[in-house]
There are 2 protein chains.
Amino acid sequence: MRVDATDRHILRLLQEDADRSTADLAVSVGISPGACWRRIEKLESAGVITGHTVEIDPRALGFEIQVFLRITLDKTAPNAFDSFIRAARAIPNVQSIETLLGRVDIRMDVIARDLAHYQQIYQEQILALPNIADIEALMLVSELKNTEALAI
Amino acid sequence: MRVDATDRHILRLLQEDADRSTADLAVSVGISPGACWRRIEKLESAGVITGHTVEIDPRALGFEIQVFLRITLDKTAPNAFDSFIRAARAIPNVQSIETLLGRVDIRMDVIARDLAHYQQIYQEQILALPNIADIEALMLVSELKNTEALAI
DNA sequence: CTTGAAAAGCAGTGAAC
DNA sequence: GTTCACTGCTTTTCAAG
């Protein structure tokens with residue numbers, strides 16, 4: 001779909017404050033509530049708005065450790081990629097998996113309650129994944145900027 | 001604050017479907033709408049729920065390229081870290097910045113419209129950042145799992 | 001101090017223009 | 001694209017445990 005200036009305006013406001021009512025939004029954008037509502041619905045059905053998320057502080061739930069894994073796969077094994085991905089997806093403590101173009105193949109985020117818990121996940125679940133050639137782990141110290149908001 | 005079993009139940013349902021009404025939620029959890037609303041409010045004010053986000057597909061807005069930068073800082077420069085972070089934060093196309101414990105110092109996500117746009121941002125803004133000793137860039141190919149949901 | 005019921009206010013929704 | 005009316009959710013209040 002075509003995203004015009006009004007849509008961008010709405011998206012920007014939504015990113016700034018997702019809790020804003022459509023009535024509020026409509027006033028800010030300068031259109032009627034009905035029109036605003038219809039635009040948001042269009043953006044949702046067109047897949048521009050992919051979802052609504054509630055952000056929860058991992059620390060409040062006892063997840064103190066976040067580790068980035070950079071994994072290189074064994075290219076000699078057949079179907080190395082597929083079998084690895086399928087197995088990795090099933091690990092609950094793996095928050096995200098991404099394929100990368102560059103010196104490594106896979107990037108994964110792992111959360112754990114503490115270092116002992118992480119060590120257990122690492123040994124029992126991560127190292128059990130098939131076709132791993134090399135792993136590099138980096139621990140998150142602090143998040144200094146996190147803009148979900150796109151530079152619209 | 002203490003997060004009990006009912007709170008965890010609510011959080012899990014919220015992560016599954018952020019759009020759910022508190023009335024719906026109350027029925028699922030088995031408490032009254034009033035009580036459910038009070039719990040959510042408590043979780044918000046206690047900082048367990050850190051925010052509500054509208055997820056927008058970067059591609060729909062014309063951001064086709066996402067690059068991970070891993071940056072090592074020049075440790076000989078005084079205040080290398082602070083001046084770097086301050087400058088990096090100001091770049092709109094830098095989505096997130098994180099400090100890491102390991103072989104590199106900083107991890108950054110950069111979004112761009114296309115490769116030419118990325119090249120421009122890289123040369124004009126990223127390389128202009130102070131105290132960089134080394135940069136490694138990895139391009140995102142595909143996102144295979146992205147669970148904002150914590151393993152509650 | 002916490003819970004549930006009930007009432008009031010207000011936003012979302014859809015029809016009519 | 002706008003207005004208007006209605007439905008239903010959110011939010012408050014109040015009484016009881």
Side-chain angles (χ1 to χ4, degrees), chain A residues 1-63 113 146-152, chain B residues 1-62 146-152:
Chain A
M1 77 171 273
R2 204 188 127 73
V3 177
D4 68 14
T6 310
D7 290 331
R8 279 170 191 269
H9 193 174
I10 290 172
L11 289 172
R12 190 163 346 118
L13 292 171
L14 277 175
Q15 284 189 330
E16 279 168 21
D17 180 10
D19 266 345
R20 194 183 284 241
S21 72
T22 54
D24 261 11
L25 229 73
V27 172
S28 303
V29 181
I31 55 178
S32 73
C36 184
W37 179 78
R38 241 169 281 128
R39 286 209 179 230
I40 293 172
E41 208 178 40
K42 209 174 63 180
L43 289 166
E44 278 173 354
S45 62
V48 176
I49 294 175
T50 51
H52 303 251
T53 318
V54 176
E55 285 165 38
I56 296 173
D57 181 11
R59 281 162 196 268
L61 289 170
F63 293 103
R113 285 194 298 277
N146 197 344
T147 325
E148 286 296 320
L150 301 168
I152 297 176
Chain B
M1 76 171 273
R2 202 189 129 71
V3 177
D4 68 14
T6 310
D7 290 332
R8 277 169 192 269
H9 193 174
I10 292 172
L11 289 171
R12 189 161 350 112
L13 292 171
L14 277 175
Q15 284 189 328
E16 279 167 21
D17 181 11
D19 266 344
R20 196 183 281 243
S21 72
T22 55
D24 261 10
L25 230 74
V27 173
S28 303
V29 181
I31 54 177
S32 73
C36 185
W37 181 80
R38 267 189 298 266
R39 286 210 179 229
I40 293 173
E41 207 180 38
K42 209 174 65 181
L43 289 166
E44 279 173 354
S45 62
V48 177
I49 294 174
T50 50
H52 302 251
T53 318
V54 176
E55 284 166 37
I56 296 173
D57 180 14
R59 280 163 197 268
L61 289 170
N146 196 344
T147 327
E148 286 296 320
L150 301 168
I152 298 175

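Lettering follows sequence order; numbering is per chain, from 1.
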Examine distances only and state if a side-chain atom of B:T22 and a backbone atom of B:W37 form a donor-acceptor pair shorter than 3.5 Å.
-> no

Where DNA chain D forms stems, i.e. three or more consecutive Watson-Crick or G-U pairs with both distances under 3.5 Å = C:1-11 with D:7-17, C:13-17 with D:1-5

Numerically ordered, the residues 11-25 of chain A set in heavy-atom contact under 4.0 Å with DNA chain C is A:S21, A:T22, A:A23

Minimum-distance pair of heavy atoms, taken over all atoms of A:C36 and A:I10 = SG-CD1, 4.4 Å

Footprint ends on DNA chain C, 5' to 3', for atoms under 4.0 angstrom from a heavy atom of chain B, come out as C:dT3 to C:dG4

Please report the closest heavy-atom contact between A:R39 and A:T6, naming both atoms and the distance.
-> NH1-CB, 3.6 Å

For B:S45 and B:K42, indicate whether the former's side chain and the latter's backbone hold a donor-acceptor pair under 3.5 Å.
-> yes

Least distance between heavy atoms, B:P58 atom then A:L150 atom | CA-CD1, 3.8 Å

Minimum side-chain heavy-atom gap A:E44-A:H52 below 4.5 Å | yes

Least distance between heavy atoms, A:V3 atom then B:A60 atom | CG2-O, 4.1 Å

May I ask you to list the residues of residues 36-43 of chain A, by number, that have any heavy atom positioned under 4.0 Å from an atom of DNA chain D?
-> A:R38, A:R39

Looking only at heavy atoms, which two atoms of B:D7 and B:R2 are closest? And how far apart?
-> OD2-O, 3.8 Å

What's the verdict on side-chain contact (heavy atoms from CB on, under 4.5 Å) for A:T53 and B:V54, showing C-alpha distance, side-chain angles and the deciding distance?
-> CA-CA 6 Å; A:T53 318; B:V54 176; over 6 Å; no

Where does the chain A footprint on DNA chain D start and end, counting 5' to 3' with a 4.0 Å heavy-atom cut-off?
-> D:dG1 to D:dT3

Check each of B:L61, B:D57, B:I56 against B:R59 using the side-chain contact (heavy atoms from CB on, under 4.5 Å) test, and report the only one that passes.
-> B:D57

Would you list the pairs meeting salt bridge (Lys or Arg N to Asp or Glu O under 4.0 Å) in which at least one residue belongs to residues 13-34 of chain B, sequence neighbours left out?
-> none

